[in-house]
Amino acid sequence: MEAVVPKLASFNLLNPKSKSKSAIRRFSSALCVSSSPSVTSTDSVSLGHITRPDFPILHQEVYGSKKLVYLDNAATSQKPIAVLKALQNYYEAYNSNVHRGIHFLSAKATDEYELARKKVAAFINASDSGEIVFTKNATEAINLVAYSWGLSNLKSGDEVILTVAEHHSAIVPWQLVAQKTGANLKFLNLNDDESPDLDKLKEMLSRKTKLVVIHHISNMLASILPIEEIVHWSHDVGAKVLVDACQSVPHMVVDVQGLDADFLVASSHKMCGPTGIGFLFGKSDLLSAMPPFLGGGEMISDVFLDHSTFADPPSRFEAGTPAIGEAIGLGAAIDYLSTIGMQKIHAYEMELAKYLYENLLSIPNIRIYGPKPSEHVQRAALCSFNVENIHPTDIATLLDQQEKLA
């Protein structure tokens, strides 16, 4: 990863009296950033160097003369040429609504839209493409589960277990549902290694537990959780499991059948695809039993003046005109990642993770959050860290503009 280790010699430019307890910055390595010459791969040329030309946005200089380096992939990834061309081709060649016409353009758009769904299903090894619901992002996917499954299945005294490390989008919807249903939210704390305390989780699970909401990879701690085991423990007490896989689906092989997860969500924009689309995986029997989340066109079977009947999933949860071009772009992103190979991507990112962690750790006064890597503990390729006595805004500005300031 190019320029992943900050040059801290210039920190005397900053105010040494600035003390912030929340001075956390996150570096995220991923496929679409260039690699450091000191980080090798199994080939003579690293995967980062091989793939960098595929990303037009990286072909620019910033602050006058410095080649752009992008390390914010945990927030959103950049897009390869293949994805940009897929979007352009849709709007130039067959832009039309889906499932609503029999003319050539509509049929073509519908075929490509549904092909994208099949690509998502194959990518995460869902048993059927009907288990994939397109949403505008992972946040909407979690809300869909909360308002459709949650309001229908939770009651006073039921428990939903979450970790304190969940993204806000995985916490707030369940707070709202708990207020409406009387269900109780239980939060799993971190252990001494700064990972969710899985021993405590086993103690917390009971017959009152109806749902466990948990990340696969933390976007802050870089912890990678054993989802298959967590699902097994949860199912033993009759609880369902919702997995936030936004940080795992783009970076490693994810097999929903192997995990046996009941629900799983991810976002296109974090896996080299367009913004404005994500997806929900749900087991067929669960989706079939869930009421609609939104009402409108396409999610109905028949509409009468006094009532309506609803389509089968996934259409039941895709009211209105969907993000057609974005879905097709997501399909192109999946093709791109699959051509490289998710195992190859994951192996390369583990090299980057080791390089990133070890070099940041060697810099004085840096505090890295999350578990320490070991023979038995892997970290994802990101680091959240604090620099003693330096405000996060200062360090972010310095690291962004260090060549300009030099």
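Just so you know, these numbers come straight off a predicted model, no measurement behind them. Residue numbers count from 1 along this sequence.
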Side-chain donor-acceptor contacts of residues 270-286 below 3.5 Å, not counting sequence neighbours, with atom names and distances?
from   : atom 1 : to     : atom 2 : distance (Å)
Lys283 : NZ     : Asp260 : O      : 3.3
Lys283 : NZ     : Asp260 : OD1    : 2.8
Lys283 : NZ     : Asp262 : OD1    : 3.4
Ser284 : OG     : Glu131 : OE2    : 3.1

Next on the checklist: Using a 6.0 Å cut-off, check whether atom NE2 of His168 has over 12 heavy atoms from anything other than its own residue.
Outcome noted: no
Checklist entry - Does CZ in Phe104 sit with more than 12 non-hydrogen atoms of other residues, nucleotides or ligands closer than 6.0 Å? => result no
Next on the checklist: If I take atom CG from residue Asp54 and atom CD1 from residue Ile340, how far apart are they, to the nearest 0.5 angstrom?
Outcome noted: 7.0 Å
Checklist entry - CD1/Ile224 to NE2/His215 distance, rounded to the nearest 0.5 angstrom? => result 10.0 Å
Does any part of the side chain of [Y], heavy atoms only, come nearer than 4.5 Å to the side chain of [X], both counted from C-beta?
| X | Y | value |
| --- | --- | --- |
| Trp233 | Val212 | no |
| Ser206 | Glu159 | yes |
| Ile142 | Phe263 | no |
| Pro314 | Phe134 | no |
| Phe293 | Leu151 | no |
| Thr135 | Phe317 | no |
| Met350 | Gln378 | yes |
| Ser148 | Pro292 | no |

Checklist entry - Going through the checks in order, is the side-chain contact (heavy atoms from CB on, under 4.5 Å) test met by Leu84 and Gln88? => result CA-CA 6 Å; Leu84 302 178; Gln88 182 178 7; over 6 Å; no
Checklist outcome for this item: Looking only at heavy atoms, the pair that brings Leu144 and Met290 closest together is CD2-CE, 3.8 Å
Checklist entry - Shortest non-hydrogen contact from Ser223 to Pro196? => result OG-CD, 4.0 Å
Next on the checklist: By the side-chain hydrogen bond (donor to acceptor under 3.5 Å, both in side chains) test, which pairs, at least two apart or in different chains, include something from residues 178-193?
Outcome noted: none
Checklist entry - Are Arg52 and Phe55 in a cation-pi contact, defined as NZ or CZ under 6.0 Å from the six-membered ring centre and within 45° of the axis? => result no
Checklist entry - Tyr90 vs Tyr94 aromatic rings, parallel, tilted or perpendicular, using cut-offs 30° and 60°? => result perpendicular
Checklist entry - Side chain of Lys79, backbone of Ser77: donor and acceptor closer than 3.5 Å? => result yes
Checklist entry - Between the main-chain N or O of Ile57 and the side-chain N or O of Gln60, is there a donor-acceptor pair closer than 3.5 Å? => result yes
Item to check | Salt bridge present between Lys118 and Glu114 (N-O < 4.0 angstrom) | outcome: no
Next on the checklist: Check Glu298 with Arg100, please: is the shortest side-chain N to carboxylate O separation under 4.0 Å?
Outcome noted: yes
Next on the checklist: Go through it in stages, so that I can follow the logic: the residues are His216 and Gln247, the test is side chain to side chain donor-acceptor pair (under 3.5 Å), and I'd like the CA-CA distance, side-chain angles, deciding distance and then a yes or no.
Outcome noted: CA-CA 7 Å; His216 196 176; Gln247 302 295 346; over 6 Å; no
